[in-house]
Amino acid sequence: MDVVPEVEKAKVLITVEIIEYVPNAVVIKTILKKSTGNISVMSFDSGEGLTERTTAFDTFAQIIDGKAEIVIRGVSNFLETGQSILIPAHAPNYVKPNGRFKMVLTIIKSGYE
């Protein structure tokens, strides 16, 4: 079942403005959600992060504002605005708090790898 996207289709968007920062919170807004994958925009306030997780699919993370530390298989990766990283399927990963930042996550579900 497909979920209605939170953004209007066929409309020009300024990606970094799709989502706002909320004090002491991680905010997630879905741009597109399909059975074959999804695209989400996330904002992290200072001191906020994500706990370790593993997914069955590759995940493409793009930093659109600020700086982030994404740890994949125990290796820290420091990303700044405009940089991105591909998180491999089945790789333990988490986001360490490192100030305010926003990112886009894209997951393509192509079958179990």
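In this chain, numbering begins with 1 at the start of the sequence shown.
- Proximity of a side-chain donor or acceptor of N98 to a complementary backbone N or O of K96 within less than 3.5 Å is not detected.
- Atom CG of L79 and atom CD of E69 lie 10.0 Å apart (nearest 0.5 Å).
- Proximity of a side-chain donor or acceptor of E48 to a complementary backbone N or O of D45 within less than 3.5 Å is not detected.
- Going from atom NE2 of H90 over to atom OG1 of T54 covers 9.0 Å, rounded to the nearest 0.5 Å.
- Between the side chain of D58 and the backbone N or O of A89 there is at least one donor-acceptor pair closer than 3.5 Å.
- Partners of T81 according to the side-chain contact (heavy atoms from CB on, under 4.5 Å) rule, which considers only residues two or more places apart in sequence or in another chain, do not exist here.
- Taking OG1 from T59 and CG from N38, the interatomic distance works out to 8.5 Å, rounded to the nearest 0.5 Å.
- Under a hydrophobic-cluster definition in which Ile, Leu, Val, Met, Phe, Trp and Tyr are linked whenever side-chain heavy atoms come within less than 4.5 Å, directly or via other members, V75 and Y94 are assigned to different clusters.
- Separating the CD1 atom in I108 from the NZ atom in K34 is a distance of 12.0 Å, to the nearest 0.5 Å.
- The two residues V27 and I19 come nearest to each other via the heavy atoms O-CD1, 3.2 Å.
- Within the 3.5 Å criterion, the main-chain N or O of L105 finds no donor-acceptor partner in the side chain of S40.
- By the salt bridge (charged side-chain N to carboxylate O under 4.0 Å, His left out) test, R53 is found to be paired with no residue, residues two or more places apart in sequence or in another chain being considered.
- Taking hydrophobic clusters as Ile, Leu, Val, Met, Phe, Trp and Tyr residues chained together by side-chain heavy-atom distances below 4.5 Å, I39 shares a cluster with I14.
- Here the closest non-hydrogen pair linking F60 and S84 is CZ-OG, 3.3 Å.
- Within the model, atoms CD1 of I107 and NZ of K33 stand 8.0 Å from one another, a figure rounded to the nearest 0.5 Å.
- Closest non-hydrogen pair, L32 versus K9, comes out as CD1-CE, 4.5 Å.
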**Request:** Begin from the C-alpha positions of I18 and I64 and carry the test side chain to side chain contact (heavy atoms under 4.5 Å, CB included) through to its verdict.
**Result:** CA-CA 11 Å; I18 292 172; I64 58 172; over 6 Å; no

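- Atom CD of E20 and atom NZ of K29 lie 9.0 Å apart (nearest 0.5 Å).
- Considering every non-hydrogen atom in both A91 and I72, the closest pair reads CB-CG2, 4.0 Å.
- The hydrophobic clustering, which links ILVMFWY residues whose side-chain heavy atoms are closer than 4.5 Å, places V104 and I63 apart.
- With F78 as the aromatic partner, K67 does not meet the cation-pi criteria of under 6.0 angstrom to the ring centre and within 45 degrees of the ring axis.
- The shortest non-hydrogen separation linking F44 to V26 is CD2-CG2, 3.6 Å.
- In the hydrophobic cluster analysis, where Ile, Leu, Val, Met, Phe, Trp and Tyr join through side-chain heavy atoms closer than 4.5 angstrom, I87 is grouped together with V95.
- The two residues I70 and M103 come nearest to each other via the heavy atoms CD1-SD, 4.4 Å.
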